[in-house]
Amino acid sequence: YKRQTPYFYTIRAVNKKSGYKSPFAPVVKVRTRLENDEFYKIIFASKSETGYLGENSKEQNRSHFGENSLFAGISHAKGICCSVITFGLDSILCNHATIKSAKLYLYPMNRVGAKIEKYGEWNASILDSESFGEITDYDDVVHAKVTGTVGNAIESHNLTQGIWNVWQFSKHECQLLQAQIAKKKVHFRIDGPKTLPNGEDSQIMQFDIGYGRFGGGIHYRPMLDIKY
């Protein structure tokens with residue numbers, strides 16, 4: 001087995017006599033051991049600095065943070081949307097940490113009206129926090145300087161409601177993340193397609209924020225998995 005690797009097991013109760021299975025199958029997550037000189041942290045998104053920004057809802061964007069789902073893509077109603085996800089890094093000692101691997105997890109919400117055709121891709125980027133003023137301002141965030149794009153873009157045919165999406169950092173991208181430790185936090189921007197497929201009015205994905213009345217629960221919060 002691989003060191004420091006999560007495995008997911010679906011457990012379903014079965015009646016031995018009747019053969020009937022339970023209607024729900026809880027998922028158990030197991031992580032393999034680290035090397036002796038390694039540590040890992042799972043950091044959850046900051047509620048107050050995580051939300052979506054819509055081109056056509058500039059006055060309401062502030063209220064999206066910590067409450068609404070994370071939208072990324074484009075629709076006639078919302079315009080171009082992106083999401084900002086913020087993680088605090090103050091629990092990692094900046095003088096001693098060398099990040100070996102990192103993964104960003106986002107959960108596409110299940111049983112929602114998000115409409116996705118086989119068109120476009122979704123990217124995760126690290127933002128330069130000094131290049132924008134207000135995190136809830138659409139224009140500020142859209143025009144913010146990107147330090148680097150992380151992982152591989154997720155194409156539309158790989159986006160499935162109810163299945164976690166993962167952006168896995170390269171060695172260089174881990175170094176970009178490590179540079180953010182001194183700033184005590186890191187901001188990611190999630191971008192989807194900025195044009196619509198022919199004949200369609202929406203190409204937008206709805207990710208779970210995990211918080212508020214629109215969230216699916218805190219276990220669906222965006223996660224940053226770091227080994228250092």
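Here the structure is a predicted model, which is why all the values come from computation and not from measurement. Hydrogens, waters and symmetry mates play no part in the numbers below; they use all other heavy atoms, side chains included.
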Show your reasoning for whether side chain to side chain contact (heavy atoms under 4.5 Å, CB included) applies to Gln175 and Ile99. CA-CA 7 Å; Gln175 292 171 350; Ile99 295 178; over 6 Å; no
Gap between atom OG of Ser75 and atom CD1 of Ile204 - 0.5 Å precision: 4.5 Å
Please walk me through it: do Phe169 and Leu176 pass side chain to side chain contact (heavy atoms under 4.5 Å, CB included)? CA-CA 10 Å; Phe169 292 47; Leu176 296 178; over 6 Å; no
Does any non-hydrogen side-chain atom of Gln180 lie less than 4.5 Å from one of Ile126? yes
So, for Asn152 and Trp167, which heavy atoms are closest and what is the spacing to 0.1 Å? O-CD1, 3.3 Å
Find out if a path of hydrophobic residues (ILVMFWY) with successive side-chain heavy-atom gaps under 4.5 Å connects Ile43 to Ile209. yes
Steps toward side chain to side chain contact (heavy atoms under 4.5 Å, CB included) verdict (Val84, Thr136): CA-CA 9 Å; Val84 179; Thr136 60; over 6 Å; no
Can Lys145 and Glu130 be said to form a salt bridge (charged side-chain N to carboxylate O under 4.0 Å, His left out), step by step? CA-CA 8 Å; Lys145 179 181 177 182; Glu130 297 177 359; over 6 Å; no
If hydrophobic clusters are built by linking Ile, Leu, Val, Met, Phe, Trp and Tyr wherever their side-chain heavy atoms come under 4.5 Å apart, do Val150 and Tyr228 end up in the same one? yes
Using only atom types and a distance under 3.5 Å, with no angle test, would you say the side chain of Glu49 pairs donor to acceptor with the backbone of Ser46? no
Value for SG (Cys81) from CD (Gln206), rounded to nearest 0.5 Å, stands at 10.5 Å
Can you confirm whether more than 12 heavy atoms, excluding those of Asn15, are under 6.0 Å from its CG atom? yes
Decide yes or no for Leu34 and Lys227: does some side-chain heavy atom of the first lie under 4.5 Å from some side-chain heavy atom of the second? yes
Would a distance-only check, ignoring hydrogens and angles, find a side-chain to backbone donor-acceptor pair under 3.5 Å from Gln203 to Glu117? yes
So for atom CG, which belongs to Asp37, do other residues, nucleotides or ligands contribute more than 12 heavy atoms lying within a distance under 6.0 Å? yes
Taking Phe44 as the starting point, is it possible to reach Tyr220 by hopping between hydrophobic residues whose side chains are less than 4.5 Å apart? yes
Could you please spell out the steps behind the side chain to side chain contact (heavy atoms under 4.5 Å, CB included) verdict for Gln178 and Thr98? CA-CA 7 Å; Gln178 186 170 327; Thr98 300; 4.1 Å; yes
Leu127 side chain near Phe132 side chain, heavy-atom distance below 4.5 Å: yes
Non-hydrogen side-chain atoms of Ser69 and Met109 separated by less than 4.5 Å: yes
Any side-chain to backbone donor/acceptor pair from Asp201 onto His76? Under 3.5 Å, distance only. no
For His187, which of Thr86, Thr50, Asp128 qualifies under side-chain hydrogen bond (donor to acceptor under 3.5 Å, both in side chains)? Thr86
Is it true that a side-chain atom of Glu173 and a backbone atom of Ser170 form a donor plus acceptor pair closer than 3.5 Å? yes
Does atom NZ of Lys100 have more than 12 heavy-atom neighbours, drawn from other residues, nucleotides or ligands, at distances under 6.0 Å? yes
Can you see which heavy atom on Ser101 is nearest to which on Cys174, and at what distance? CA-SG, 3.7 Å
Shortest non-hydrogen contact from Asn56 to Gly79? ND2-N, 3.1 Å
Tell me if a side-chain donor or acceptor on Arg189 pairs with a main-chain N or O of Ser83 at a distance below 3.5 Å. no
Answer yes or no: are there more than 12 heavy-atom neighbours, outside Glu35 itself, under 6.0 Å from its atom CD? yes
What I'd like to find out is whether the side chain of Tyr107 reaches to under 4.5 Å of the side chain of Pro222, using heavy atoms alone. no
If you group Ile, Leu, Val, Met, Phe, Trp and Tyr by side-chain heavy-atom gaps below 4.5 Å, do Met205 and Val142 land in one group? no
Test side-chain hydrogen bond (donor to acceptor under 3.5 Å, both in side chains) applied to Ser156 - qualifying residues, sequence neighbours left out: none
Looking at Phe207 and Ile190, what are the two nearest heavy atoms and their distance? CE1-CG2, 4.3 Å
Heavy-atom closest pair, residues Ser125 and Thr149: OG-OG1, 3.5 Å
Other residues, nucleotides, ligands: >12 heavy atoms within 6.0 Å of Lys21 NZ: no
Answer yes or no: is there a side-chain heavy-atom contact under 4.5 Å between Asn165 and Thr160? no
Spell out, as yes or no, whether a donor-acceptor pair under 3.5 Å connects the side chain of Asp140 to the backbone of Gly133. yes
Distance (rounded to the nearest 0.5 Å) between Gln168 CD and Lys103 NZ: 4.5 Å
Any side-chain heavy atom of Leu89 within less than 4.5 Å of one from Ile226? yes
Less than 4.0 angstrom from a charged side-chain N to a carboxylate O is my criterion; do Lys58 and Asp139 meet it? yes
For a 4.5 angstrom cut-off between non-hydrogen side-chain atoms, does Ile80 reach Tyr138? yes
Lys NZ or Arg CZ of Lys78 over Phe71 ring: under 6.0 Å, within 45°: yes
Ser22 backbone acceptor or donor facing Arg12 side chain under 3.5 Å: yes
Let me confirm one number: the CG-CD1 distance from Leu224 to Ile85, rounded to the nearest 0.5 Å. 10.0 Å
Nearest 0.5 Å, what's the CD1-CD distance between Ile154 and Glu121? 10.0 Å
Closest approach of Ala72 and Trp122, non-hydrogen atoms and distance? O-NE1, 2.9 Å
Starting from Phe188, can I reach Leu70 by hopping between I/L/V/M/F/W/Y residues whose side chains sit under 4.5 Å apart? yes
Return the CD1 to NZ distance between Ile92 and Lys184, rounded to the nearest 0.5 Å. 10.0 Å
Can you name the one residue among Leu53, Asn68, Asp137 that meets side chain to side chain contact (heavy atoms under 4.5 Å, CB included) with Asn61? Leu53
